[in-house]
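I have placed the structure first, in the form of structure tokens, so that the comments after it can refer back to it.
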Amino acid sequence: MAEVSETVYTPQEVEATLEQAVASAESQIEDLIAQEAEVEDEAALDAAAEAEADAVANAVLNEAVAEVEKKFANDEDDDEDDEDEDSDYDDDDFDPADETVLERIEALKDIFSPKQRAFVTNTVSAVVSGSKTLTLNLGSALWYVATTSMLVGVPLAVAILNETQLTELEKELNGAGMGVAAPAAAPAVEEKN
């Protein structure tokens with residue numbers, strides 16, 4: 001077995017080591033306290049910022065609620081005033097000169113529900129799409145008929161015209177021979193028997 005040697009420390013060495021350990025522990029504690037203070041400061045700042053944001057949000061919310069309540073109260077007052085008046089609306093507030101044609105057309109969309117507007121839009125789109133498709137297909141068919149008639153029909157018509165002219169020429173020649181004296185025939189050869 002190995003021999004263990006014992007180290008003997010003097011009381012001064014032990015005291016110095018203890019003082020170093022205490023000093024080191026105290027500096028670590030001070031560092032931790034400083035870090036905790038920083039964290040607390042940040043937390044306090046975050047809490048203050050959050051509290052300020054909450055206060056601003058509450059103020060904005062209170063203003064919005066007050067505005068809505070005021071508007072609602074004004075609407076109720078207007079409704080009561082409208083019931084008291086003899087006419088349904090005030091002609092003095094409306095000036096047609098201030099309204100453009102585009103604004104009037106845009107206001108017409110409020111007359112129809114979104115469902116009706118969607119139906120009309122879809123129907124018009126389908127009709128336009130169908131018309132485009134029909135036009136393209138009819139144009140293609142017309143193109144095929146026209147090119148086919150030119151490539152096949154024109155040569156056929158020219159051939160028929162030539163045949164007709166040739167037939168008429170033959171009739172003329174045959175008809176001219178009947179009505180006029182026959183051309184001189186070769187002398188008849190008598191047959192000897």
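The figures here come from the full heavy-atom set of this structure, side chains too, leaving out hydrogens, waters and symmetry mates.
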> What's the spacing between I33 CD1 and E40 CD if we round to 0.5 Å?
Replying inline: 10.5 Å

> Taking atom CG of L156 and atom OG of S149, what is their separation to the nearest 0.5 Å?
Replying inline: 11.5 Å

>> Consider side-chain contact (heavy atoms from CB on, under 4.5 Å). Of N122, T121, T123, which one does F119 pass it with?
In response: T123

> With a 4.5 Å heavy-atom cut-off, do E50 and D54 have their side chains touching?
Replying inline: yes

>> Please report the interatomic distance CD(E106) to OG1(T100), rounded to the nearest 0.5 Å.
In response: 8.5 Å

>> For the CG atom of D110 and the CZ atom of R117, what is their distance to the nearest 0.5 Å?
In response: 7.0 Å

>> Do V128 and K132 make a side-chain contact, defined as non-hydrogen atoms from C-beta onward lying under 4.5 Å apart?
In response: yes

> Looking at OG1 of T147 and CE of M150, how far apart are the two atoms once the value is rounded to the nearest 0.5 Å?
Replying inline: 6.5 Å

> Is a side-chain donor or acceptor of S129 paired with a backbone partner of S125 at a separation under 3.5 angstrom?
Replying inline: no

> Hey, are the side chains of L138 and L142 touching, using non-hydrogen atoms and a 4.5 Å cut-off?
Replying inline: no

>> Among residues at least two apart in sequence or on other chains, which ones pass salt bridge (Lys or Arg N to Asp or Glu O under 4.0 Å) with E99?
In response: R104

>> How about CD on E103, more than 12 heavy atoms from neighbouring residues, nucleotides or ligands closer than 6.0 Å, or not?
In response: yes

>> Determine whether a donor-acceptor pair (N or O, by modelled atom type, separation under 3.5 Å) exists between the side chain of E170 and the backbone of T167.
In response: no

> With hydrophobic residues grouped by side-chain heavy-atom distances under 4.5 Å, do L108 and F112 end up in a single group?
Replying inline: yes

> Measuring from Q116:CD to I111:CD1, what's the distance to the nearest 0.5 Å?
Replying inline: 10.5 Å

> L136: which other cluster members, linking ILVMFWY side chains closer than 4.5 Å, directly or transitively?
Replying inline: none

